[in-house]
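Counting starts at 1 for both ligands and their atoms, following the listed order.
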Amino acid sequence: MTKPLIIITGASSGIGAAIAKTFGAAGHPLLLLARRVAKMEAFGLPNTLCLKVDVTDRAQLIAAVKEGEDKFGPADAIINNAGCMLLGTLADQEPAEWDHMIDVNVKGLLNSVRAVLPAMKARRRGTIINMGSIDGRRSYTPHRVYCGTKFAVHAFSEALRAEVAADNVRVIVIAPGAVATELVSHTTSQALIDAHYEALNAPHSILDPQEIANIVLFAYQQPQTTNIRGIVVAGTGQVQ
Ligand code: NDP
């Protein structure tokens with residue numbers, strides 16, 4: 001086992017699951033974190049520890065990172081991918097849904113960064129890959145609060161990159177367009193789910209999660225002295 005540990009949050013489905021399998025195939029030991037442990041264990045990846053973690057629970061995250069590093073050595077990268085999207089309008093959406101998106105997409109990501117950053121700075125090496133979105137570059141209706149959380153991910157990542165540049169720690173933001181995953185299914189309004197897919201019904205509008213995983217691996221595999229700061233990627237047919 002010569003390659004270093006990679007930590008992936010939100011590894012139980014969609015993009016995170018594809019990233020886990022891709023980094024596993026590249027020979028990395030893995031620490032996979034999400035609430036649905038059985039789904040991650042079912043991948044059957046070698047040199048992999050799967051732990052039940054809610055990224056909104058800071059203490060749980062820090063304990064999980066310690067357990068993973070005790071087993072496999074220091075993490076060379078964390079891929080902060082856990083996220084949720086609940087489409088809605090500001091007038092109608094239950095505020096509890098905003099709270100949940102802000103807690104998971106913003107505070108959860110901050111928790112994940114903090115769990116590895118001091119040690120990466122001390123080692124003067126590491127890579128933080130944050131899952132942003134095309135929704136973090138421009139606003140779509142009815143993605144209002146979700147867009148806000150992803151703009152926050154992009155803004156925070158830019159500031160963090162500057163903060164740790166002199167420590168030889170890379171910060172990379174991946175901003176996908178539409179990808180075929182469970183993400184939209186958590187929206188509570190079926191009408192909004194239908195409208196979402198209606199807007200994406202042109203051919204080649206929705207990417208496969210594997211395509212995002214390949215890009216994440218590519219960005220990570222550049223030399224430590226090369227920081228691909230951001231990649232925006234969408235299906236060729238996606239108009240917006
Ligand atoms: P999925 O819904 O398939 O995956 C979301 C992942 O996040 C799951 O593994 C889920 O695991 C995990 N997760 C959610 N809440 C928590 C939590 N509180 N604690 C720990 N893990 C959590 O969607 P995607 O794969 O599409 O989403 C992955 C990332 O990609 C998200 O950040 C999303 O915003 C982003 N993205 C997705 C796009 C798309 O079109 N699909 C486009 C642009 C960005 P579990 O439920 O087991 O905890």
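Scanning the protein for heavy atoms near atom 27 (O) of ligand 1, the closest one is Leu183 CD1, 3.9 Å. If you check which protein heavy atom lies closest to atom 36 (N) of ligand 1, you get Tyr146 OH, 3.8 Å. The protein heavy-atom contact nearest to atom 19 (N) of ligand 1 is Val55 N, 2.9 Å. In terms of protein heavy-atom proximity, atom 15 (N) of ligand 1 is closest to Arg35 NH2, 3.2 Å. Counting protein heavy atoms only, atom 4 (O) of ligand 1 is closest to Ser13 OG, 3.1 Å.
We find that Glu182 and Arg36 are joined by a salt bridge, their nearest charged nitrogen and carboxylate oxygen being less than 4.0 Å apart.
Inspection of the Arg144 and Gln93 side chains reveals no N or O donor paired with an N or O acceptor under 3.5 Å. A side-chain donor-acceptor contact under 3.5 Å links Asn130 and Ser157. Side-chain contact, Arg58 with Asn111: a donor N or O sits under 3.5 Å from an acceptor N or O.
Remark: side-chain polar atoms of Arg170 are not paired, donor with acceptor, to backbone N or O of Thr225 under 3.5 angstrom.
Distances below 4.0 Å separate heavy atoms of Ala178 from the following atoms of ligand 1: 40 (O). Taking a cut-off of under 4.0 Å to the non-hydrogen atoms of Gly14, the atoms of ligand 1 that pass are 3 (O), 25 (O).
Across the listed options Ala17, Gly177, Ser133, Gly177 owns the non-hydrogen atom lying nearest to atom 42 (C) of ligand 1. Of the candidates Gly132, Ala82, Gly83, the one placing a heavy atom closest to atom 44 (C) of ligand 1 is Gly132. The heavy atom nearest to atom 31 (C) of ligand 1, considering only Val104, Asn81, Asp57, is found in Asn81.
Distances between N or O atoms of Pro176 and those of ligand 1 include no value under 3.5 Å. Checked by distance only, ligand 1 and Val179 come closer than 3.5 Å through their nitrogen or oxygen atoms. The shortest N or O to N or O distance between Thr56 and ligand 1 is not under 3.5 Å. Considering backbone and side-chain N/O atoms, Ile15 comes within less than 3.5 Å of an N/O atom of ligand 1. Ligand 1 has a nitrogen or oxygen under 3.5 angstrom from a nitrogen or oxygen of Ser12. The N/O atoms of Gly10, backbone and side chain alike, include one that comes under 3.5 Å of an N/O atom in ligand 1.
A distance of 4.5 Å separates CD1 in Ile79 from CD1 in Ile8, rounded to the nearest 0.5 Å. Taking CG of Leu87 as the start and CG of Leu192 as the end, the distance is 6.0 Å to the nearest 0.5 Å. The CG atom of Asn214 sits 5.5 Å away from atom OG1 of Thr22, with the distance rounded to the nearest 0.5 Å.
With Arg124 as reference, Asp167 is the one residue of Val164, Asp167, Val169 to meet the side-chain contact (heavy atoms from CB on, under 4.5 Å) rule.
When non-hydrogen atoms are compared, ligand 1 lies under 4.0 Å from neither the backbone nor the side chain of Ser185. Residue-level proximity to ligand 1 for Val53 is carried by the backbone, the only part with a heavy atom below 4.0 angstrom. Counting heavy atoms closer than 4.0 Å to ligand 1, residue Cys84 contributes nothing at all. Both the backbone and the side chain of Asp54 come within contact range of ligand 1, each with a heavy atom under 4.0 Å.
Between His143 and Tyr140, the two ring planes are tilted [angle within 30° to 60°]. Using cut-offs of 30° and 60° on the angle between ring planes, the pair His28 and Tyr220 is perpendicular.
In this structure, Gly108 does not count as a contact residue of ligand 1, since none of its heavy atoms falls inside 4.0 Å of the ligand. Put simply, no part of Met85 is less than 4.0 Å from ligand 1, judged by heavy atoms. Within the 4.0 Å heavy-atom shell around ligand 1 one finds Lys150.
In this structure, Thr181 and Ser13 have side chains that are not in contact, with every pair of non-hydrogen atoms separated by 4.5 Å or more. Asn168 is listed as a side-chain neighbour of Gln224, based on a closest heavy-atom distance under 4.5 Å.
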